[in-house]
Amino acid sequence: MARITFIGAGSLGFTRGLVRDILTFPTMRDATLVLMDIDRERLEFARRACQSIIDRGGYPAKIVATRNRQEALRGADAVLCTILSGGVDVWQHDILIPKKYGIDTNVGDTRGPSGIFRALRTIPTMLAICRDMEELCPNAIMLNYTNPMAMLCHAMQRASRLQITGLCHSVQGTAMMLAKWANVPYEELSYLCAGINHMAWYTKLEHKGKDLYPRLRKRVATDKEVYNHEQVRNEMFLALGYYVTESSGHNSEYNWWFRKRPDLIAKYCTRGTGWNPGEYAYILKHYRKREKDWKVGVREWLKKDQPIDLKRGQEYAASIVNARLGGELFKFNGNVPNTNLVTNLPQGACVEVPVLASRRGFEPICAGALPPQCAMLTGLSAQIEMLAVEGHFQGDPTLVYRAVAHDPLTAAKLSLAEARRMTADLFKQHRKFLPQFKNVKL
C-alpha cells in the first residue's frame, strides 16, 4: 500500500487536484494519503475535501491529517511539496520595495529581486524537509511545486542525495495552446522543450514529422486575436524564433524589453487576453482577495450536492508516482541538475528538461544545445539563480546583491548603487526570516 505525503496540504487547489489524479491509478486506489500543514484550519478543509473525493469515487484509500512534519514523512513513498513560506504580510514586500525603486513587478515568485528573496526565505525550510526525508523516508521521491522552482531545486539538489525534481504545468499548458493555434490535436503534437523553469524553449515542435513553426509564425504575425492573447511571449517568439514556456506576465519580468518604461508596460503588459498579461502586483492582489473569501469557496465546493469531476487532470505528479510504484513509464519535463543535459547552459544549474520516471526513479534525457539567441537570456538567468543560492549557503549578502544587480529588469532600471540600496532594504525588511545570514549589511 503506497504512502503519499503532501507537505503544505493547505494549498487546497493543488491538493484536491493531485489527490483526484492519484486515486485514478490502480497502484494508488488504496493509498494512505498523508496531509500535513501548519495551518490547522486549512488542514481540516483539505482533509474534508480529500475525504469527499474518496467517498464520491468509492476508493479504498485512507486520509491522515497532521501538523507534525516528521509524522507525515515517516515511511513515505512519495512527497509532494506545495508550501508557501510566510503569508501575504511577509512576501508583499518582495513586490512593494522594488516598486519604490521603479521596478514594476507582475508576480515576483520566480526570479529577479522578488524571486531571490522568496527563495532565501524558503530554502531553509526546504532543506529541513530534505533532512527529515533522509532520516524518515530516504528512498522516497520528492516532487516540488513550490516557487521559485529553479532556485529551490538547485539548493536541495546541491545539499541532498534524495531523488528530487520540480514540476510546473507551463510546459504542457503552453504546448496545448500552441497545438490549438496550429490546428493540430494536442495528442499528436511532438516537441522537445528545454531550458530553465518558466524559461524553457520548444526547440522542436512538430506534427507527424512536419515543423509547425512556419505555420505558427504566420498565425502569430497575422492573427490579431492570437497575437493579443500572449503579447509578450508572441513578441519574443517573433524576435527569437522559438516559443517560451509560462505566461506573458511572468516572462515580462525576466528580461530587459517590456517593463522598463511606463509606455512599454501600457503597450505590452495590460491589454493581453491571456490569464496573466502583466498587471502590476497581479498575484499580490489575487492573494489579498483570496484571503478574504477563500473559506466561502471551499465551503461551496464541499456541499454534498456540488458535482465533483473525478477524471484525471493534466498535472504530471500522479503519473510520476505511479511509475515509481511500478506502473507505466512516464516522460515529463522536470527540474534537475544540468549534467551536460543542456550543453550551453551552466553545468550544475537547475534545468528543465525531459525526464523519464520509472521504478528506478528519475532519468533525465539530454536535450542538446539551446539556440544561441535563447541561450543568452536563459544562461544569464541560470547564473543569477546559482549565485543567489551560493549567497544562501555562504550566508553572504554581497553575493545576493550581485545576483540582484545582474537581473535584467533591475539592470535596465537601476544603477549599481540603487540596486545595492534596494537589496539592503529587502534584507532589512526580511531579516528575521533569513537566519542563514549572520550579517545583512551591505
Side-chain angles (χ1 to χ4, degrees), residues 2-25 27-28 31-37 46 50 69 72-73 75-84 122-123 125-130 132-134 136-157 159-173 197-198 200 312-337 350-364:
R3 184 177 173 91
I4 302 166
T5 296
F6 295 78
I7 303 295
S11 181
L12 294 168
F14 265 121
T15 301
R16 286 194 307 236
L18 295 174
V19 166
R20 175 204 62 203
D21 293 353
I22 282 168
L23 294 173
T24 63
F25 287 92
T27 54
M28 295 178 282
T32 297
L33 304 171
V34 186
L35 311 180
M36 182 270 157
D37 202 281
C50 294
R69 191 172 70 213
L73 290 172
D77 295 295
V79 177
L80 284 66
C81 191
T82 57
I83 70 168
L84 176 61
T122 310
I123 288 171
T125 301
M126 302 300 282
L127 296 184
I129 293 170
C130 288
D132 286 344
M133 288 181 64
E134 288 165 353
L136 300 166
C137 54
N139 295 318
I141 57 172
M142 179 201 266
L143 306 180
N144 176 51
Y145 276 100
T146 299
N147 281 324
M149 180 65 68
M151 283 184 276
L152 297 184
C153 287
H154 180 53
M156 290 188 288
Q157 289 158 352
S160 176
R161 292 185 178 275
L162 292 167
Q163 295 202 65
I164 299 166
T165 193
L167 303 178
C168 178
H169 47 256
S170 65
V171 175
Q172 65 267 44
N197 179 242
H198 285 191
R312 191 181 306 162
Q314 298 295 329
E315 295 289 351
Y316 293 144
S319 297
I320 295 169
V321 179
N322 177 61
R324 172 65 166 168
L325 294 173
E328 183 179 2
L329 302 182
F330 184 70
K331 191 171 82 167
F332 65 100
N333 273 70
N335 287 266
V336 295
C350 181
V351 291
E352 194 168 80
V353 296
V355 179
L356 183 67
S358 70
R359 190 187 291 274
R360 292 190 297 273
F362 307 134
E363 299 177 57

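Keep in mind that what you see is a predicted model, and the values were worked out from it rather than measured.
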- May I ask you to test the M142-T165 pair for a side-chain heavy-atom distance under 4.5 Å? no
- So, E315 and H169: side-chain donor and acceptor under 3.5 Å apart, yes or no? yes
- Item | Results of side-chain hydrogen bond (donor to acceptor under 3.5 Å, both in side chains) for N197 - residues two or more places apart only | E352
- Hey, are the side chains of V353 and V336 touching, using non-hydrogen atoms and a 4.5 Å cut-off? yes
- Quick one: does C81's side chain get under 4.5 Å of I129's, heavy atoms only? yes
- Message: Run M151 and T122 through side-chain contact (heavy atoms from CB on, under 4.5 Å) and show every step you take.
- Response: CA-CA 10 Å; M151 283 184 276; T122 310; over 6 Å; no
- Message: Could you work out, with side-chain hydrogen bond (donor to acceptor under 3.5 Å, both in side chains) as the rule, every residue matching R69, not counting sequence neighbours?
- Response: D132
- Output, in order, the C-alpha distance, side-chain angles, deciding distance and verdict of side-chain contact (heavy atoms from CB on, under 4.5 Å) for C50 and L35. CA-CA 9 Å; C50 294; L35 311 180; 4.0 Å; yes
- Query: With S170, which residues qualify under side chain to side chain contact (heavy atoms under 4.5 Å, CB included), at least two apart?
  - Reply: C168, H198, T245, E246
- Message: Using the side chain to side chain contact (heavy atoms under 4.5 Å, CB included) criterion, which residues pair with R161? Sequence neighbours excluded.
- Response: none
- Taking side chain as C-beta onward, heavy atoms only, is I123 less than 4.5 Å from M156? no
- Residues in side chain to side chain contact (heavy atoms under 4.5 Å, CB included) contact with A31, at least two apart in sequence or another chain: A2, I4, M28, L33
Show me the donor-acceptor pairs within less than 3.5 Å that the side chains of residues 323-332 make with the rest of the protein, sequence neighbours left out.
| residue | atom | partner | partner atom | Å |
| --- | --- | --- | --- | --- |
| R324 | NH1 | R359 | O | 2.7 |
| R324 | NH2 | N139 | O | 2.6 |

- Message: The test is side-chain contact (heavy atoms from CB on, under 4.5 Å); show your working for N333 and V355 and say whether it passes.
- Response: CA-CA 6 Å; N333 273 70; V355 179; over 6 Å; no
- Residues two or more places apart in sequence or in another chain: which of them pass side-chain hydrogen bond (donor to acceptor under 3.5 Å, both in side chains) with T24? R312
- Contacts of A317 meeting side chain to side chain contact (heavy atoms under 4.5 Å, CB included) (sequence neighbours excluded), chain-then-number -> L18, L80, L143, Y145, L167
- Message: With a 4.5 Å cut-off on side-chain heavy atoms, are I164 and C130 touching?
- Response: yes
- Message: By the side chain to side chain donor-acceptor pair (under 3.5 Å) test, which pairs, at least two apart or in different chains, include something from residues 8-17?
- Response: none
- Heavy-atom side-chain contact between F362 and I141 under 4.5 Å: yes
- Task: Applying salt bridge (charged side-chain N to carboxylate O under 4.0 Å, His left out), name anything that partners E363, two or more places apart in sequence or on another chain.
- Result: R360
- Query: What do the steps show when you test L73 against V79 for side-chain contact (heavy atoms from CB on, under 4.5 Å), and what is the final call?
  - Reply: CA-CA 8 Å; L73 290 172; V79 177; 3.6 Å; yes
- Non-neighbouring partners of T27 that pass side-chain hydrogen bond (donor to acceptor under 3.5 Å, both in side chains), sequence neighbours left out: N322
